[in-house]
**Q** 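Provided herewith is a single structure, encoded as C-alpha cells, for subsequent inquiry.
When a ligand or atom number is given, it counts from 1 through the structure's own listing order. Reckoned from all heavy atoms, side chains included, excluding hydrogens, waters and symmetry mates.
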Amino acid sequence: MFDRPRGTNDWGPQDMPKRRFVESRFVQLAESFGFREVSTPTFENLELFTAKSGPGIVRELYAFKDQGGRDLALRPEFTASVLRFYVSELRSRPKPLKLYSTGNVFRYEEPQKGRYREFFQLNAEIIGGAALPSDAEVLALAIGTMRAIGLKQVKARIGNIGILRGFLPFEPDDQSVILHSLDKRNFEMLDAELVRLGRPDLGAPLRKLVGLSGGVSVLDEAAKVLTGAKNEGFEYLRKLAGLLTAYGVAPSDYAFDMGVVRGLDYYTGMVFEIDSPNLGAEKQVGGGGAYSLAEVFGGERVSQTGFALGLDRLVMAADAEGAIEAPRALDAYVIPIGEGAQAKAVEILTTLRAAGLGADIDLVGRGPSKNLDYANAVGARYAVLLGERELKAKRATVRDMASGAQREVALADLADAVGGR
Ligand code: HAM
C-alpha cells in the first residue's frame, strides 16, 4: 500500500464531474469573451520563476535537477510561463492577446483544507490592451465565472498596488519587502523595515490604509491618508467602478480595499482578490491584477493583466452552495441473457453508443438479477434486457430503473426509448 504524497489529492468518479463542471463554466465564458486557450509545459527552467515572482513563490518551488544537470522547477502558476511564451513566440500577433489556460500547479506549502501542494488553476491573461479596459475585462471574466458556476457568495476586493509603490520612496526590492509585510499584515516586520529604511513615519499611514475597505467613497478617504501619493491611481479605480457597472457587475460584488497587496512581486497596478466567504480559512478563490513580466523576460513594455482562480477551492465553494449540476447519468445498461445473446448485445450496445448515448454492458457474466443490482448501483436510467427469444423477435425489454416499470420495445426504436429525457 502506498500513500499519496502529502498535499496531493486523488479525484474519484464522484469528484471529477464537479471539477469538470466548474472548469467548463470558466472555459465557456472565457471563449465567449474572446479568450483563446494555450498550454505550456508543466516544468520550466528554474530562472523563469526566480526572476520576478518574489520570495513567497521561490521558497515554495518544487525545484530539481534533471539527468542532464539542468535546473528546473514545476510551475507554481501560469503567468510566468504564458509571458515567456508570449515574448518568445507570440509577440508579433495582433494585440491584445487574450489567453487562458487550465491545469495543475505546484507549491511546497503547509497543507491544510483548501491548501495543497498540487492544485489546479483557471488562468487568464490579456497582453497589449489599454490598461483600464483590460483590467475591467479580466475582473468581469473572474467575477462572471463565479456567477456562471452559480456561486451566490462572491466578494472581490480591489486595490491598486501602483498607489502603494508610488507612496514608498524606496528601491523596488525594498518596496517589495514592505509590500510583503503588508500582505502578511505583519506590522512588526513593517515597522522594523521602515526603521531600517529611515522612514518610520510611514508606518502609521500604511497601517491606516490597509484597513480601508468599502465602496467608491473609500477612495477619497484613502487619498487623504496618502497625501504624498499621486491621485491618478484613485481616479483609475473610480473609472474602473464605472466600467464594472457597465459589465453588469453589482457594487455588492466587490469592495475597494487598499490592503490588497498580493503575494507575488510582479504586480504594478490594479490588483484584486476574490473570496468565497463560506470557505473558512482558505476562502480566497482567486487573485490577479496588472503586472509587468514581459519586460523582465526581454520583451517590450506592454500592458499585462490577468488572474487565476483556484479550481480546488471553487469546487469546494460550489459544492457547499449546492451549485453543481449532477452529471449526465448512464442512459442504458445492457444485459445479455444467455450465451447466444452476447454478440448481438454488443452490436446493440454499439448502435446506442453511436447514437450519442451513454451505454454500458455486463463484462462479468452475471445473472440478470445481479446485473440489475449493478445497473442500479451505477445509476443507469434504463436496463436493456436481451434474451434469445426477444432477439429473435427483434425486440428488447427496457426497464426504467427509477420506477421499475418494464416494457418491450422494437430494437429499431431502442435508442429513442432510452435516449428520451
Ligand atoms: P495566486 O493568488 O498565487 O495568483 O493564486 C491564485 C489562486 O490559486 C488563489 O486565489 C487560490 O484560490 C489558489 N491557490 C493558491 N495557492 C493554493 C494552494 N496551495 N492550494 C489550493 N489553491 C491555491 C497567481 O497564481 C497569479 N499567477 C494570478 C495572476 C494571473 N495574476 C496575473 N495573472
Side-chain angles (χ1 to χ4, degrees), residues 6-9 19 22 26 30 35 38 40 44 48-49 52-62 74-86 97-127 129 131 134-135 137-139 141-143 145-146 149 151 154-157 159 161 180 183 260-276 279-294 303-318:
R6 200 163 131 70
T8 61
N9 289 300
R19 196 170 103 196
V22 171
F26 166 72
F35 283 77
V38 290
T40 55
E44 296 269 6
L48 184 74
F49 305 116
K52 192 67 188 174
S53 300
I57 282 286
V58 172
R59 261 197 311 273
E60 293 169 355
L61 280 177
Y62 273 91
L74 298 182
R75 62 183 176 201
E77 55 136 15
F78 285 97
T79 311
S81 299
V82 173
L83 269 289
R84 171 197 53 70
F85 186 25
Y86 161 74
L97 270 111
K98 301 171 80 175
L99 307 173
Y100 76 90
S101 304
T102 65
N104 51 352
V105 295
F106 307 84
R107 295 183 191 175
Y108 192 81
E109 294 202 73
E110 205 39 56
Q112 62 179 69
K113 191 172 158 57
R115 194 201 293 162
Y116 309 113
R117 290 181 173 172
E118 180 188 38
F119 59 99
F120 294 81
Q121 284 191 337
L122 309 173
N123 189 83
E125 314 288 353
I126 301 181
I127 305 165
S134 305
D135 280 345
E137 178 95 341
V138 295
L139 267 164
L141 177 60
I143 296 173
T145 298
M146 312 255 315
I149 293 164
L151 288 168
V154 175
K155 198 82 197 182
R157 292 173 283 111
I161 215 161
H180 278 294
D183 181 40
V260 179
V261 186
R262 309 285 296 128
L264 293 146
D265 268 3
Y266 47 58
Y267 294 102
T268 48
M270 183 282 295
V271 281
F272 68 98
E273 287 170 351
I274 307 182
D275 295 333
S276 183
L279 281 188
E282 298 301 325
K283 65 181 185 335
Q284 198 183 113
V285 291
Y291 57 93
S292 47
L293 265 182
S303 127
Q304 301 141 64
T305 186
F307 68 87
L309 296 172
L311 180 53
D312 312 64
R313 293 183 192 173
L314 280 180
V315 171
M316 285 165 64

**Q** Below 4.5 Å, heavy atoms only, C-beta onward: do I126 and L97 meet side chain to side chain?
**A** no

**Q** Any idea which part of F119 is under 4.0 Å from ligand 1, heavy-atom wise: side chain, backbone, both or neither?
**A** side chain

**Q** To the nearest 0.5 Å, how far apart are OH in Y62 and CZ in R75?
**A** 15.0 Å

**Q** For ligand 1, which atoms, with element, lie under 4.0 Å from some heavy atom of G286?
**A** 10 (O), 12 (O)

**Q** Any idea which of G310, G306, G7, S101 brings a heavy atom closest to atom 32 (C) of ligand 1?
**A** G306

**Q** Which residue owns the protein heavy atom closest to atom 6 (C) of ligand 1, what's the atom, and how far is it?
**A** Q121 NE2, 3.4 Å

**Q** List the steps, then state whether side chain to side chain contact (heavy atoms under 4.5 Å, CB included) holds for L314 with L122.
**A** CA-CA 10 Å; L314 280 180; L122 309 173; 3.8 Å; yes

**Q** Given the side-chain rings of Y100 and F35, with only the six-membered ring counted for Trp, is the space between their centroids under 6.0 Å?
**A** no

**Q** Taking the six-membered ring for Trp, are F119 and F106 closer than 6.0 Å centroid to centroid?
**A** no

**Q** Report the part of N123 (side chain from C-beta onward, or backbone N, CA, C, O) that has a heavy atom under 4.0 Å from ligand 1; answer both or neither where that applies.
**A** side chain

**Q** Return the CD1 to CZ distance between I274 and R313, rounded to the nearest 0.5 Å.
**A** 13.0 Å

**Q** Please round to the nearest 0.5 Å and tell me the distance separating atom CZ of R117 and atom CZ of R6.
**A** 5.0 Å

**Q** Can you tell me how far apart CG (L311) and CG (N123) are? Round to the nearest 0.5 Å.
**A** 12.0 Å

**Q** Just to confirm my output: which protein heavy-atom neighbour is closest to atom 20 (N) of ligand 1, and how far is it?
**A** Y116 N, 2.9 Å

**Q** Distance to 0.1 Å, residue and atom name: give those for the protein heavy atom nearest to atom 24 (C) of ligand 1.
**A** L264 CD1, 3.6 Å

**Q** Out of Y108, F120, Y267, F78, who is nearest to atom 29 (C) of ligand 1 when you count heavy atoms only?
**A** Y267

**Q** Any idea which of G114, A308, A290 brings a heavy atom closest to atom 7 (C) of ligand 1?
**A** A308

**Q** Pick from E77, E125, Q304: which one makes a side-chain contact (heavy atoms from CB on, under 4.5 Å) with V82?
**A** E125

**Q** Which protein heavy atom lies closest to atom 30 (C) of ligand 1, and at what distance to 0.1 Å?
**A** T79 OG1, 3.0 Å

**Q** Have a look at Q284, E77, R262 and point out the one with the heavy atom closest to atom 1 (P) of ligand 1.
**A** R262

**Q** Could you tell me whether E282 approaches ligand 1 through its side chain, its backbone, both or neither, with non-hydrogen atoms closer than 4.0 Å?
**A** neither

**Q** Regarding ligand 1, does T305 bring an N or O atom to under 3.5 Å of one of the ligand's N or O atoms?
**A** no

**Q** With a 4.5 Å limit on heavy-atom distance, are the side chains of V261 and I161 in contact?
**A** yes

**Q** Taking non-hydrogen atoms only, is D312 closer than 4.0 angstrom to ligand 1 via side chain, backbone, both or neither?
**A** neither

**Q** If we only count N/O pairs under 3.5 Å, is Y291 in contact with ligand 1?
**A** no

**Q** For ligand 1, which part of R117 has a heavy atom less than 4.0 Å away: the side chain, the backbone, both, or neither?
**A** neither

**Q** So for ligand 1, is R115 a polar contact partner (N or O within less than 3.5 Å, distance only)?
**A** no

**Q** I'd like to check which ligand 1 atoms, numbered from 1 as shown, lie under 4.0 Å from a non-hydrogen atom of E125.
**A** 30 (C), 32 (C), 33 (N)

**Q** May I ask you to list the atoms of ligand 1 that are less than 4.0 angstrom from any heavy atom of G288?
**A** 31 (N)

**Q** Of K283, R157, K155, which is the lone residue that meets salt bridge (charged side-chain N to carboxylate O under 4.0 Å, His left out) with E273?
**A** R157

**Q** Which ligand 1 atoms are under 4.0 Å away from a heavy-atom of E109?
**A** 16 (N), 17 (C), 18 (C), 19 (N)

**Q** Pick whichever of Y266, F272, F307, F106 has a heavy atom sitting closest to atom 26 (C) of ligand 1.
**A** Y266

**Q** Quick check for you: to the nearest 0.5 Å, what is the distance between K113 atom NZ and R115 atom CZ?
**A** 13.5 Å

**Q** What do the steps show when you test E44 against S81 for side chain to side chain donor-acceptor pair (under 3.5 Å), and what is the final call?
**A** CA-CA 8 Å; E44 296 269 6; S81 299; 2.8 Å; yes

